[in-house]
Amino acid sequence: MPEISRRARSLGTENAFVVLAEVNELARQGKDIISFCIGQPDFPAPQNVQEAAIRAIREGKHGYTPSAGIDELREAAAGYLSRTRGGLPIRPADVVVAAGAKPFIAYAILSVTDHGAGDEVIYPNPGFPIYESQILASGARPVPIHLHEARGFSFDPDELERLITPRTRLLILNYPHNPTGGLLSRRELEQIAAILKRHPQVWVYADEIYSRLVYGEAFFSIAQVPGMLERTIISDGASKTWAMTGWRIGFTANPLLAPLFTRWITNTESCASQISQWAAVEAINGPQDAAESMKASFLARRDLIVRLLNEVPGVSCLVPGGAFYVWPNVTEACRMIGAADSEQFRKRLLNEAGVALLADIHFGMRVPGEGQHVRFSYAASKEAIEKGVARMAAFIRKNTQKAA
Ligand code: PMP
């Protein structure tokens, strides 16, 4: 039989899709499931964005585009990234557009590490599972940096210093963070930049896909720290900010890597959908009312879900600063109902109470000493949040009595 490569066998996945299949199967059997699994806004794309896409189709703007994207979108995105990041001097030529922000994770790793050379990539754990998967598949060495609840789910800069070696090529940062909703403060980013100054061989991939969903302080990018712009790949896109996940538009900015990213795209996707690109121009340059009102609604839901979760026996939940995720600690709840860990807790909650969550192990290895966590995406209606958390509380109460 012809064989499958080690590379292909090492490819990981987003376990969210695996859990989603479980959820769909239960729903198919007629079970009533409230799901907090999906990491996407539960809103339609704004009306003006929809109209722009339809206009593009009607005007015949639906062929291939240059691999880096149409000039209009590169210009709009450069202006947007600059405006939202303290006026950084980002030029349209630095910006490359792809079918979502996700492909740039692979392009970045492939562009700065060599296969089998022992090149190392540091990435947050817990974290978006595609980082580790792509590091492994590209033949680099994954070096997880642990996030700590006591720090609001950021990492200790001293720990970063200890993990950097002469072989470190890339540091992946993600803030606001999936799955915890945590942020890196300006002070922390400045500390990280100070460390990187001593290690000039390290690039930074700043996954800022949730940059517009920061509640409270203004968003600050590590690229804004003096000396960081050239070595930082800023990654953002349309998926979360304008509820355009299925439209597949992401963009990055970096003056040195833009031509390389363009070449990767020519080799893989050719270009992002032209229709979606015109829609993204409208999303960025048009009225922002829809984006603002979605954000306001996420903020209200965050406050609701955090308050409700903290009333559930055995559960404690920090107030996350951004994105639409909460990462409650369920260590005590697991103990109360006799669940061995968060994954068993998640499975029982799904099967016995009809509430679908993701567990910490879907986002990397469990951090030693940090206990058990689950992820709720609160991109769900107020009613779903109230009913879902009430079911969880009832489930824990009922099973605690049984265990006692
Ligand atoms: N980075 C992170 C941290 C994400 O959570 C996601 C989406 N779940 C992406 C990147 C990819 O987003 P997209 O490809 O839709 O732009």
Side-chain angles (χ1 to χ4, degrees), residues 12-20 36-43 45 49 69 73 77 80-81 95-109 121 123-135 144-145 147 153-154 170-184 204-214 219 221-222 233-253 261 264-265 268-269 272-273 276-277 279-280 283-284 291 298 320-327 358 362-364 375-379:
T13 186
E14 272 194 67
N15 279 307
F17 291 108
V18 178
V19 174
L20 220 54
F36 300 98
C37 287
I38 304 188
Q40 70 176 344
D42 57 329
F43 298 99
V49 170
L73 181 53
Y80 172 74
L81 292 172
V95 174
V96 180
V97 177
K102 197 190 243 178
F104 287 111
I105 297 169
Y107 301 151
I109 296 166
V121 181
Y123 64 102
N125 178 53
F128 189 44
I130 297 309
Y131 304 142
E132 186 184 75
S133 168
Q134 286 295 336
I135 296 163
I145 184 161
L147 309 186
F153 300 115
S154 67
L170 180 66
L171 167 66
I172 299 176
L173 299 177
N174 171 218
Y175 51 93
H177 179 249
N178 179 9
T180 67
L183 297 177
L184 285 167
V204 177
Y205 186 87
D207 186 336
E208 301 179 349
I209 190 82
Y210 298 101
S211 62
R212 281 281 285 276
L213 297 175
V214 174
F219 179 76
S221 170
I222 192 163
I233 302 147
I234 301 174
S235 174
D236 204 334
S239 286
K240 317 289 174 174
T241 303
W242 296 284
M244 291 173 68
T245 49
W247 300 62
R248 309 310 302 135
I249 293 291
F251 36 82
T252 55
F261 290 166
W264 280 115
I265 292 172
T268 54
E269 319 163 44
S273 148
S276 298
Q277 290 190 54
I284 294 173
F298 287 137
F324 37 66
Y325 305 114
V326 285
W327 187 247
L358 297 179
H362 298 131
F363 299 92
R375 189 192 83 170
F376 281 78
S377 161
Y378 57 82

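Both ligands and their constituent atoms are indexed starting at 1 by order of listing. Here the structure is a predicted model, which is why all the values come from computation and not from measurement.
- Aromatic ring centres of W242 and Y80: separated by under 6.0 Å.
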Pick out the protein N or O atoms lying less than 3.5 Å from any N or O of ligand 1, and list each pair with its distance.
residue  : atom   : partner : partner atom : Å
ligand 1 : 1 (N)  : D207    : OD1          : 3.4
ligand 1 : 1 (N)  : D207    : OD2          : 2.6
ligand 1 : 5 (O)  : N178    : ND2          : 2.9
ligand 1 : 5 (O)  : Y210    : OH           : 2.7
ligand 1 : 8 (N)  : K240    : NZ           : 2.9
ligand 1 : 14 (O) : A101    : N            : 3.2
ligand 1 : 14 (O) : K102    : N            : 3.0
ligand 1 : 14 (O) : R248    : NH2          : 2.7
ligand 1 : 15 (O) : S239    : OG           : 2.6
ligand 1 : 15 (O) : R248    : NH1          : 2.8
ligand 1 : 16 (O) : A101    : N            : 2.7
ligand 1 : 16 (O) : S239    : OG           : 3.3

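- With values rounded to the nearest 0.5 angstrom, I105 atom CD1 is found 7.0 Å from S235 atom OG.
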Report all side-chain donor-acceptor pairs from residues 170-181 shorter than 3.5 Å, counting only partners two or more places apart or in another chain.
residue : atom : partner : partner atom : Å
N174    : OD1  : N178    : N            : 3.1
N174    : ND2  : P176    : O            : 3.3
N174    : ND2  : D207    : O            : 3.0
Y175    : OH   : E208    : OE2          : 2.9
Y175    : OH   : I222    : N            : 3.0
H177    : ND1  : T180    : N            : 3.4
H177    : ND1  : T180    : OG1          : 2.8
H177    : NE2  : P126    : O            : 3.0
N178    : OD1  : R375    : NH1          : 2.8
T180    : OG1  : G182    : N            : 3.0

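- Using a 4.5 Å heavy-atom threshold, the side chains of F104 and F261 count as touching.
- Taking the six-membered ring where the residue is Trp, the centroids of F376 and W327 are separated by 6.0 Å or more.
- A donor-acceptor pair shorter than 3.5 Å cannot be found between the side chains of T241 and Y210.
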